[in-house]
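Contents: one structure, followed by commentary.
All heavy atoms count here, side chains included; hydrogens, waters and symmetry mates do not.
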Amino acid sequence: MARRTKPRYIFITGGVVSSLGKGLASAALGALLQARGYKVRLRKLDPYLNVDPGTMSPYQHGECYVTDDGAETDLDLGHYERFTGVSAHQSDNITTGRIYSNIIEKERRGDYLGATVQVIPHVTDELKNFVLSDAGENVDFVLCEVGGTVGDIEGLPFFEALRQLGQELGRAQVLFMHVTLLPYIAAAGEVKTKPTQHSVKELRSIGIQPDILLCRADREISKGDIRKIALFCNVRESAVIQGLDARSIYDVPLAYHAEGLDREVLFHFNMETRKRINLRRWRAISETLHNPDGEVNIAVVGKYTVLPDAYKSITEALVHGGIANKVKVNIKWVESEEFSKDGSGILTGMDGILVPGGFGERGSEGKIQAVTYARENNVPYFGICFGMQMAVIEAARNLAGIDAASSTEFGLTDEPIVGLMTEWLKGNEKLTRDESTDLGGTMRLGAYPAVLNKESLVAKLYGQTIIEERHRHRFEVNNAYIDRLEDVGVKFSGMSPDGVLPEIVEIPDHPWFIGVQYHPELKSRPFAPHPLFAGFVAAALNQSRLV
């Protein structure tokens, strides 16, 4: 009979300022607990009113991370997956918008039997139900990160729900970890503890006493400051953990272990703190990152490059590809809209060119020009989602002579190389402007299978001919153009199992030219680099040796 465990809950909150690294801290702690042999699950509670990040601007929120089951979630879930290898689900991310949507739906159905619907208990109960929902079989720890900063008005129901859980479950099952900032004031030459004291005071004012303080700083925190923080914040000195800036995010588990974070967690729960920990893979990753055998230069030609977090998973997957090849990957961010004006000189000296996903016409011509440069100059090219579509349009225009080749995402066209998937499934060859802007219910989200041509480069890289990858897109390559494109050297090496939807294109007589309709970056891990990113970086390394 399988053993049954009662999960222990770790609530991670933040104070002083945002962007302190709560997500990384949660992911790193999850990795450390895993390394001690425990089973973990990580969840994110976001106080904003959007139902999910799916319609939020990448400029404001960074990338929208997609799970196997099709949830559009916060990018921190990407950190969770990359550090632990545990696949996230729809049930691992909740927002105020989703909570209120659920409550209003219940109220309209009469589920509350005419009761006055209020923040307490209805909103807080929904939040508690989310936290306590099935974590999976034999999960030892559920780590729940609360977005935002203590004191934010929109976060108050979240903190109240966690306070109630702390009372209901008790200290034996709940730990509160608060992430704060210790700023260095150059004029005074001192690290200041007062912001942390005030942040903890704010947290305690709503009924939550933190058990561990993770103090982010850019320099060593003195013993005196640690004693002061412990005294004024009512925590043990050993539970004041310094979180110093690291050279790489993949050094964070090692750094936090050295500071005793995982030991303090186990101590709180009265668990064996001497249990051996296996950090070999994290040490190996750190060694490879800091002692590479070479380096490659990769240009990422996108439309949201002013905020690199918009391409967070791409960035990390390229790092993973570097780990697989024991090289450092230098990323050059190229704004596609500016690229279309300045010309291809920006790409001179690049060992590889990657065009990521995106939505809308803005910057598309710059991306197409980047494809042309990569194809004509034999530079390794990797097109992801929108980047695949632009590669197909470029080939249609410049190889197949279809001058008007375009996407119906950009408006009316006589040569719809790319269009809404619902129309291709109906067998239509062209779309009108009105049809092309009907966005309701047409997104393909989550994991879908694909069948690979066994003679293709992608089949060689994957080592198999049946794959499953995560999608997030509304438009597809029109299969009515496959024959004309294959006649000029573009090979459709991956298709949906029914043969209707193109998933992968290659140019076999190019050193490395692959476009994929899905998002392989979402399944890449530092200890298990995605084969396409490993292959792309390997091709870029070969390119660097030719120059």
Side chains of E126 and Y100, donor plus acceptor under 3.5 Å: no
From NE2 (H268) to CZ (R236), nearest 0.5 Å: 9.5 Å
Minimum heavy-atom distance between A310 and E63, given as atom pair plus value: O-CB, 3.3 Å
Short N-O contact, D92 and R43, less than 4.0 angstrom: yes
Under 3.5 Å donor-acceptor, E503 side chain and G494 backbone: no
Short side-chain to backbone donor-acceptor contact, T84 and Y80, under 3.5 Å: yes
Electrostatic pair R219:E190 at N-O distance under 4.0 angstrom: no
Check: K128/Q164 side-chain N/O donor and acceptor closer than 3.5 Å: yes
Polar contact flag, side-chain donor to acceptor under 3.5 angstrom, T67-Q90: no
S26 side chain to E145 backbone, donor-acceptor under 3.5 Å: no
For the student: nearest non-hydrogen atoms of I285 and F527, plus distance: CD1-N, 4.0 Å
Polar side-chain atom of N325 near backbone of G322 as donor-acceptor pair, under 3.5 Å: no
Donor-acceptor under 3.5 Å (D52 side chain, G54 main chain): yes
Flag side-chain contact, heavy atom, 4.5 Å: L45 against V131: yes
Side chain D140, main chain K39, donor-acceptor under 3.5 Å: yes
Expected output: side-chain T73 to main-chain Y65 donor-acceptor under 3.5 Å: yes
Basic-acidic side-chain contact under 4.0 Å: R283, E287: no
Ring-face cation of R41 near F141 (centre distance under 6.0 Å, axis angle within 45°): no
Within 6.0 Å of NZ in K228, more than 12 heavy atoms from elsewhere: no
Residues D225 and R227 bridged, charged N to O under 4.0 Å: no
Side chain D46, main chain Y48, donor-acceptor under 3.5 Å: no
Side chain to side chain, R444 and R474, heavy atoms closer than 4.5 Å: no
Closest non-hydrogen atom pair between Y9 and L169, with its separation: CD1-CD1, 3.8 Å
Option from L175, I10, V265 for which side chain to side chain contact (heavy atoms under 4.5 Å, CB included) with D211 holds: L175
Spacing of CZ belonging to R171 relative to CZ belonging to F269, to within rounding of 0.5 Å: 9.0 Å
Euclidean distance, I221 CD1 relative to T193 OG1, rounded to 0.5 Å: 10.0 Å
Any side-chain heavy-atom pair of L127 and I99 under 4.5 Å: yes
Residues R82 and E316 bridged, charged N to O under 4.0 Å: no
Stepwise side-chain contact (heavy atoms from CB on, under 4.5 Å) check, S199 with H178: CA-CA 9 Å; S199 181; H178 193 52; 2.7 Å; yes
Matching residue for S524 among H320, E81, H530 - test: side-chain hydrogen bond (donor to acceptor under 3.5 Å, both in side chains): H320
Side chain proximity check, V191 to P183, heavy atoms < 4.5 angstrom: no
T196 backbone acceptor or donor facing T180 side chain under 3.5 Å: no
Pairwise side-chain contact, W282 with F83, heavy-atom cut-off 4.5 Å (strictly under): yes
Heavy atoms of other groups near F267 CZ, more than 12 under 6.0 Å: no
Y38 vs V139 side-chain heavy atoms within contact, under 4.5 Å: no
Inter-residue atom distance H122.NE2 - E107.CD, 0.5 Å rounding: 9.5 Å
Heavy-atom pair with the smallest gap, counting every atom of F159 and T13: CE2-CG2, 3.4 Å
Steps toward side-chain hydrogen bond (donor to acceptor under 3.5 Å, both in side chains) verdict (R204, Q209): CA-CA 5 Å; R204 294 175 67 186; Q209 167 62 51; 3.0 Å; yes
Heavy atoms from other residues, nucleotides or ligands near CZ of R280 exceed 12 (cutoff 6.0 Å): no
Non-hydrogen atoms of Y311 and P356 that approach each other most closely: CE2-CG, 3.4 Å
Mutual orientation of the aromatic rings belonging to F382 and W512 [parallel < 30°, tilted 30-60°, perpendicular > 60°]: perpendicular
R472/C385 under side-chain contact (heavy atoms from CB on, under 4.5 Å): CA gap, chis, key distance, verdict: CA-CA 8 Å; R472 182 180 182 249; C385 195; over 6 Å; no
Sidechain N-carboxylate O distance under 4.0 Å for K312, E521: no
Side-chain donor or acceptor of T96 paired with backbone N/O of L49 under 3.5 Å: no
Distance flag, aromatic centroids of Y304 and W333, threshold under 6.0 Å: no
Evaluation steps, side-chain contact (heavy atoms from CB on, under 4.5 Å), between Y184 and D218: CA-CA 8 Å; Y184 175 76; D218 64 354; 4.0 Å; yes
Evaluation steps, side-chain hydrogen bond (donor to acceptor under 3.5 Å, both in side chains), between T95 and N50: CA-CA 7 Å; T95 69; N50 304 70; over 6 Å; no
Gap separating the CG atom of L143 from the CG atom of L42, nearest 0.5 angstrom: 4.5 Å
Within 6.0 Å of NZ in K332, more than 12 heavy atoms from elsewhere: yes
Validation row, ring centre H471 to ring centre Y448 under 6.0 Å: yes
Residues D293, K326: salt bridge by 4.0 Å N-O rule: no
Pairwise distance CG(D309) to OG1(T315) - rounded to 0.5 angstrom: 8.0 Å
Stepwise side-chain contact (heavy atoms from CB on, under 4.5 Å) check, L279 with L254: CA-CA 8 Å; L279 294 172; L254 296 173; 4.0 Å; yes
Under-4.0 Å salt bridge between D245 and R216: yes
H89 and D68 side chains, donor-acceptor separation under 3.5 Å: no
Validation row: L261, M177 side chains within 4.5 angstrom (heavy atoms): yes
For the student: nearest non-hydrogen atoms of G62 and L75, plus distance: CA-CD2, 4.0 Å
N93 and D74 side chains, donor-acceptor separation under 3.5 Å: no
